[in-house]
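Presented below is the structure to which this report refers.
Treat the numbers as computed from the prediction; the structure is a model and nothing was measured. One is the number of the first residue; the rest follow in order along the sequence.
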Amino acid sequence: MGADYGATKQEKRGKLLYSLEYKSAQSELIVGIKKADALKAMDLGGSSDPYVKVYILPDKSKTCETKVFRHTLQPIFNEQFTFQISKSSLLNSTVVMQVFDFNRFHKHNIIGELRLQLSDVDWNHVIEEWRDI
């Protein structure tokens, strides 16, 4: 067969620098949205107005959002969100970070998202890392 389906990689949407910390004494998960880079341009002018939504599945009782940054593909958010979650729930949960392009007149377009299984995280130290969205 001539078609090489494996080569059609997902288009690049950018990457996100985030941090995760769990304070077991307070049953608090702190999700830091630090910055994004090389975001996919969603506007006609070759830019985006990005912001990030953060929530935890399967609970999704609380959704947090960063501020919107206008006309940039490298926003520096430096925001932190705290979620009350027990250690046992933490291990069955997924944190979702969705990067959207703000649009005043239309539905906001999703640029990309990151899902992290919290059972896979080493909670002995603060995590801070870049991931592709």
Just list the side-chain donor-acceptor pairs under 3.5 Å for residues 88-95, sequence neighbours left out, or say none.
residue : atom : partner : partner atom : Å
S88     : OG   : S86     : OG           : 3.2
S89     : OG   : S86     : OG           : 2.9
N92     : ND2  : S88     : O            : 3.3
S93     : OG   : S89     : O            : 2.7
T94     : OG1  : Q117    : OE1          : 3.0

Which residues pass the ring pair (Phe, Tyr, Trp, His ring centres under 6.0 Å) test with F69, sequence neighbours left out? F77
Salt bridge (Lys or Arg N to Asp or Glu O under 4.0 Å) partners of residues 74-84, not counting sequence neighbours, each pair once: K67-E79
side-chain hydrogen bond (donor to acceptor under 3.5 Å, both in side chains) pairs, two or more places apart, involving residues 119-133: Y18-E129, D122-N124, D122-H125, E129-R131
Is it possible for you to say whether V96 and F100 belong to one hydrophobic cluster, with membership spreading through side-chain heavy-atom contacts below 4.5 Å? no
Between L39 and I133, is the side-chain contact (heavy atoms from CB on, under 4.5 Å) condition met? List the steps. CA-CA 9 Å; L39 291 177; I133 56 173; 3.8 Å; yes
Evaluate the side-chain contact (heavy atoms from CB on, under 4.5 Å) criterion for residues L17 and D37: first the C-alpha distance (whole Å), next the side-chain angles of each, then the deciding distance (0.1 Å), finally the verdict. CA-CA 8 Å; L17 178 65; D37 194 27; over 6 Å; no
Should I127 and L114 be counted in the same cluster of Ile, Leu, Val, Met, Phe, Trp and Tyr side chains packed under 4.5 Å apart? yes
For a quick test of your reading: what N or O donor-acceptor pairs under 3.5 Å do the side chains of residues 21-29 make, sequence neighbours left out?
residue : atom : partner : partner atom : Å
Y22     : OH   : I85     : O            : 2.6
Y22     : OH   : K87     : N            : 3.0

Using distance only, find each side-chain donor-acceptor pair of residues 44-63 under 3.5 Å and give its atom names and separation, not counting sequence neighbours.
residue : atom : partner : partner atom : Å
S47     : OG   : T72     : N            : 3.1
S48     : OG   : K40     : O            : 3.0
S48     : OG   : M42     : N            : 2.9
D49     : OD1  : H71     : N            : 2.7
Y51     : OH   : H108    : ND1          : 2.7
D59     : OD2  : S61     : OG           : 3.0
K62     : NZ   : T82     : O            : 2.4

Run the side-chain contact (heavy atoms from CB on, under 4.5 Å) test on I110 and V99 for me, step by step, so that the C-alpha distance in whole Å, both residues' side-chain angles and the decisive distance to 0.1 Å come before the verdict. CA-CA 6 Å; I110 187 160; V99 184; over 6 Å; no
To the nearest 0.5 Å, atom NZ of K35 lies from atom CG of L16 at 11.5 Å
Roughly how far, to the nearest 0.5 Å, is the CE atom of M97 from the CG atom of L20? 5.5 Å
Distance col, row N103:CG vs N109:CG, nearest 0.5 angstrom, shows 6.5 Å
